[in-house]
J.: 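First the structure, then my questions, so here it is.
In the text below, chain A, chain B and the rest are named by the order of the sequence lines, each starting its count at 1.
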There are 2 protein chains.
Amino acid sequence: MVELTPRKKLILKAIIESHVQDGEPVGSKHLSQHPGLSCSSATIRNEMAELEAMGLLEQPHTSAGRVPTELGYRYYVDSLLENYSTAAAEIQQMSANLRLKLGELDGILAEASRMAAALTNYPCITVKAKPALVSVAKFDGIYVDEGKFLLIMIFVSGAVCTKTIETVPEFSPQDLVTILHALNELLIGKSANEINLPLIVKLENRAGKHSALMRQLMTIIYDTMQEQGRSDLRVEGVTRLLQYPEYEDIDELRNMIALFEDKQELLAAIADGTATHDESDGVQVLIGSENSVKVMNNSTLIYRPVKRGDKVIGAIGVVGPRRMDYAKVISTIDRLTRGIDSLLSGEQPLPLPSSDEDSDT
Amino acid sequence: MVELTPRKKLILKAIIESHVQDGEPVGSKHLSQHPGLSCSSATIRNEMAELEAMGLLEQPHTSAGRVPTELGYRYYVDSLLENYSTAAAEIQQMSANLRLKLGELDGILAEASRMAAALTNYPCITVKAKPALVSVAKFDGIYVDEGKFLLIMIFVSGAVCTKTIETVPEFSPQDLVTILHALNELLIGKSANEINLPLIVKLENRAGKHSALMRQLMTIIYDTMQEQGRSDLRVEGVTRLLQYPEYEDIDELRNMIALFEDKQELLAAIADGTATHDESDGVQVLIGSENSVKVMNNSTLIYRPVKRGDKVIGAIGVVGPRRMDYAKVISTIDRLTRGIDSLLSGEQPLPLPSSDEDSDT
DNA sequence: TTTAGCACTCAAAGCTAAAGAGTGCTAAAA
DNA sequence: TTTTAGCACTCTTTAGCTTTGAGTGCTAAA
């Protein structure tokens with residue numbers, strides 16, 4: 001993209017910011033009152049015509065003002081948008097909640113999702129990456145009550161899962177020890193699809209009179225392992241879309257929601273974006289058709305991977321209309337995910353880089 | 001409500017069922033073709049006029065067909081609706097999932113909610129009642145890894161909660177034993193608001209060099225107890241409302257969603273309904289203004305309490321337009337909640353009463 | 001290079017007329 | 001006494017038409 005003259009930059013920026021605020025096309029007269037632009041509407045019309053010729057603006061129809069194109073937004077995000085900063089206080093306050101959830105990735109992602117949605121006022125999506133390999137490092141158990149115990153699975157990934165199991169009252173603490181012994185001896189290090197019939201039979205034999213319980217446990221363990229191994233995508237706060245006139249058309253809304261429910265496509269879009277766009281470390285901004293999903297041609301997806309050490313273990317992002325408050329969203333996602341990165345790496349305080357004057361909420 | 005003549009009953013039923021299906025007002029001509037009604041449209045017009053005089057029907061405007069009033073639906077549900085029955089197979093199949101979640105009330109409700117929403121195609125709400133008293137019966141723990149352990153809280157209600165705690169690597173299994181000892185000695189049987197400063201100080205002293213950890217644990221334990229003690233309302237599948245033309249008006253939809261997000265009002269409505277309506281054991285049907293929430297004047301709320309033994313521990317319900325497939329929804333909620341009742345009481349198989357010819361889906 | 005002026009375009013809003021669905025009433029038929 | 005056919009009437013919906021006004025592009029002068 002060629003350099004623009006300073007005035008063109010100013011005009012483009014003003015148009016985008018005005019449009020982001022009220023969603024209306026921006027006319028030359030309105031723009032001529034912008035402080036910092038001391039020229040007549042006619043001059044601005046000329047400039048706008050040129051910006052349109054470059055593909056940065058467009059008109060919904062001849063007698064309307066200008067609206068940024070996808071390319072316009074892209075230029076804005078890449079070249080015109082500096083020093084975004086969020087209300088650091090908000091994040092800091094909420095990060096306390098995050099730290100409480102430490103140790104459970106699911107919990108962290110869920111909490112972060114809620115935070116991101118609340119801060120940006122757009123629906124938030126979280127992705128949990130598929131772990132390379134799922135197997136249990138250790139089984140443990142706690143006898144709770146007559147015939148009721150807690151099965152604890154500690155995975156090699158460090159994740160911990162617990163399931164409450166209810167069985168017959170005759171089931172004794174000693175029986176639990178026996179069963180845990182068997183599980184630890186035969187299932188450690190096995191992946192879900194290595195659990196085959198001979199293995200199950202062997203385990204049932206070890207369980208003696210509680211072989212029925214053992215079979216039930218196998219189902220539960222198998223399901224839990226499957227669940228651990230699945231990549232997972234969640235959407236939080238879909239209903240926030242209702243606020244934006246872009247989705248007042250009920251069909252647009254329905255399409256979007258169908259997309260959220262399908263999940264596969266969204267996952268693909270994110271994988272896509274991560275692969276193709278610049279350094280896959282920073283915040284990714286996919287505007288309109290830049291992401292491959294047709295339904296999202298009028299929407300923007302902004303997200304950033306979450307890492308533990310240097311391994312990507314998920315992503316957190318936000319979906320909204322193309323007309324989006326990019327500064328705010330990018331900054332929020334950036335802070336939030338960086339905060340999680342460092343939490344996960346064990347650094348204690350959530351870092352709040354640089355000095356912060358709050359942006360508007 | 002006075003008895004209607006058989007023909008009037010037939011007409012009312014036909015009108016409601018036709019209207020439920022397509023949402024359009026029903027005209028006399030259309031109705032005269034109904035098999036079972038062998039009279040002219042003029043006769044039907046006379047009957048309809050009388051039904052309207054009784055307050056069972058109304059006209060959106062002079063030149064439109066008739067639409068059931070709230071009272072009309074009420075009469076239909078009370079007097080005209082017999083032998084509803086669901087696709088039993090569907091429920092049976094899904095009940096397997098339910099049984100897997102046994103032991104965690106939250107899990108059961110969540111699963112049931114998903115089932116109800118899927119079966120009826122309306123948003124489903126679940127309520128967890130506020131338990132009379134929350135206190136921990138026993139603390140337990142499992143040392144997972146260097147400085148990482150699982151804290152297990154067994155509540156007197158039988159609920160079990162686990163939290164993964166990450167602390168300093170120096171933290172040894174022996175330290176865990178010490179801490180559990182202290183917790184069990186000082187916190188058993190205490191309710192959340194009995195945890196005061198002297199108690200905390202005592203606990204921190206017991207923790208020795210890990211007093212910071214102990215303080216962190218107190219926060220977590222306190223929060224968990226609070227959470228256990230809260231009554232809780234969740235809504236699943238809000239977006240299903242989009243299917244129904246009643247909510248095509250975006251404001252109607254917004255109001256509804258705001259209602260779901262507020263929760264207090266909905267809780268009140270349910271408490272209300274349980275208190276005022278017939279035997280509080282069966283399925284409750286609150287049509288339009290019968291529930292006190294103004295926003296729901298055009299909607300219906302159908303729910304039934306869930307019990308363990310004879311104690312109400314929650315409720316599961318469905319929200320949709322007044323024009324609702326009452327037969328199907330009532331039957332689904334009834335089966336589902338009865339199934340859960342008996343699961344919770346420890347009876348093994350999910351009972352599927354009576355012979356079932358499937359109704360349409 | 002900038003600006004004022006002016007003719008032109010086109011969506012949005014309002015207005016009118018025609019179409020159509022459904023009713024209530026009356027009078028005749030069963 | 002009940003049912004039915006006929007008819008005038010009401011009122012929404014739809015389509016087409018006009019008006020309004022915002023915003024533009026172009027031209028010519030500053």
J.: Among residues at least two apart in sequence or on other chains, which ones pass side chain to side chain donor-acceptor pair (under 3.5 Å) with Thr239(B)?
T.: Glu261(A)
J.: Send over the distance from Ile44(A) CD1 to dT2(C) P, rounded to a whole Å.
T.: 11 Å
J.: In dot-bracket notation, what is the pairing pattern of DNA chain D, taking Watson-Crick (N1-N3 plus N6-O4 or O6-N4) and G-U wobble (N1-O2 and O6-N3) contacts under 3.5 Å, with [ ] crossing and | for other strands?
T.: ||||||||||||||||||||||||||||||
J.: What pairs of residues pass the ring-ring contact (aromatic ring centres under 6.0 Å, His included) test when at least one of them lies in residues 239-261 of chain A, not counting sequence neighbours?
T.: Tyr122(A)-Tyr244(A)
J.: Name all residues meeting the salt bridge (Lys or Arg N to Asp or Glu O under 4.0 Å) criterion together with Glu70(B); count only those two or more places apart in sequence or in a different chain, and write none if there are none.
T.: Arg322(B)
J.: Looking at residues 12-19 of chain B, who's got a heavy atom less than 4.0 Å off DNA chain C?
T.: none
J.: Restricting to side chain to side chain donor-acceptor pair (under 3.5 Å), what partner residues turn up for Thr300(A), sequence neighbours left out?
T.: Tyr326(A)
J.: With sequence neighbours left out, what residues match Glu52(B) under side chain to side chain donor-acceptor pair (under 3.5 Å)?
T.: Arg66(B)
J.: Across nucleotides 12-30 of chain C, 5' to 3', mark each nucleotide with B, S or - according to how protein heavy atoms within less than 4.0 Å reach it.
T.: ---------BSBB------
J.: Using the test salt bridge (Lys or Arg N to Asp or Glu O under 4.0 Å), find all partners of Arg323(B) that sit at least two apart in sequence or belong to another chain.
T.: Glu246(B)
J.: Can you sort out the partners of Glu24(B) under side chain to side chain donor-acceptor pair (under 3.5 Å), two or more places apart, ordered by chain and number?
T.: none
J.: Backbone N or O of Val329(B) within a donor-acceptor pair of the Thr120(B) side chain at under 3.5 Å?
T.: no
J.: Quick one: salt bridge (Lys or Arg N to Asp or Glu O under 4.0 Å) partners of Lys263(A), sequence neighbours excluded?
T.: none
J.: Once you round it to whole Å, what is the distance between P of dT4(D) and CG of Leu37(B)?
T.: 11 Å
J.: Just how far, in rounded Å, is C1' of dT1(C) from CD of Glu50(A)?
T.: 12 Å
J.: Under 3.5 Å, sequence neighbours excluded: what are the donor-acceptor pairs made by side chains of residues 25-36 of chain B?
T.:
{"unit_1": "Ser28(B)", "atom_1": "OG", "unit_2": "Arg45(B)", "atom_2": "NH1", "d": "3.3"}
{"unit_1": "Ser32(B)", "atom_1": "OG", "unit_2": "Lys29(B)", "atom_2": "O", "d": "2.6"}

J.: Whole Å only: how far is the CZ atom of Arg7(A) from the P atom of dT3(C)?
T.: 8 Å
